[in-house]
Amino acid sequence: MKTTKTKGENMNYVAKLNVASILYGIGAWVMVECMLNVYRISRISGWDISNVTNSMML
């Protein structure tokens with residue numbers, strides 16, 4: 001038996017998929033920004049660059 005989803009169910013699925021995509025995108029953006037600003041983070045926090053790099057990897 002073939003079941004079809006209603007238009008509202010499809011829209012809920014698309015909305016959930018978009019929210020998940022946004023969350024993954026924000027996570028990736030934060031990681032890239034932290035890796036690009038290692039020198040600035042090191043200067044502001046007073047940590048060595050190696051400590052900042054290691055903490056970014058975590």
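Sequence positions, counted from 1, serve as the residue numbers for this chain.
- Surrounding CE of Met56 are more than 12 heavy atoms belonging to other residues, nucleotides or ligands, all under 6.0 Å away.
- Remark: Ile26 engages Ile22, Val30 in a side chain to side chain contact (heavy atoms under 4.5 Å, CB included) (not counting sequence neighbours).
- Residues satisfying the side chain to side chain contact (heavy atoms under 4.5 Å, CB included) criterion with Arg43, sequence neighbours excluded, are Arg40.
- Other cluster members for Tyr24: none, since no ILVMFWY side-chain heavy atom sits under 4.5 Å from it.
- Scored by the side chain to side chain contact (heavy atoms under 4.5 Å, CB included) test, Asn51 finds Trp47, Asp48 as partners (sequence neighbours excluded).
- Other residues sharing a hydrophobic cluster with Met35 under the 4.5 Å side-chain heavy-atom criterion for ILVMFWY residues do not exist; the residue is a singleton.
- The CD1 atom of Ile44 sits 8.5 Å away from atom CG of Asn37, with the distance rounded to the nearest 0.5 Å.
- Ser45 places a side-chain N or O within donor-acceptor distance of the main-chain N or O of Ile41, the cut-off being under 3.5 Å.
- Hydrophobic clustering (ILVMFWY, side-chain heavy atoms < 4.5 Å, transitive): Tyr39 and Val52 are in one cluster.
- Between the OH atom of Tyr13 and the CG atom of Asn18 there is a distance of 10.5 Å, given to the nearest 0.5 Å.
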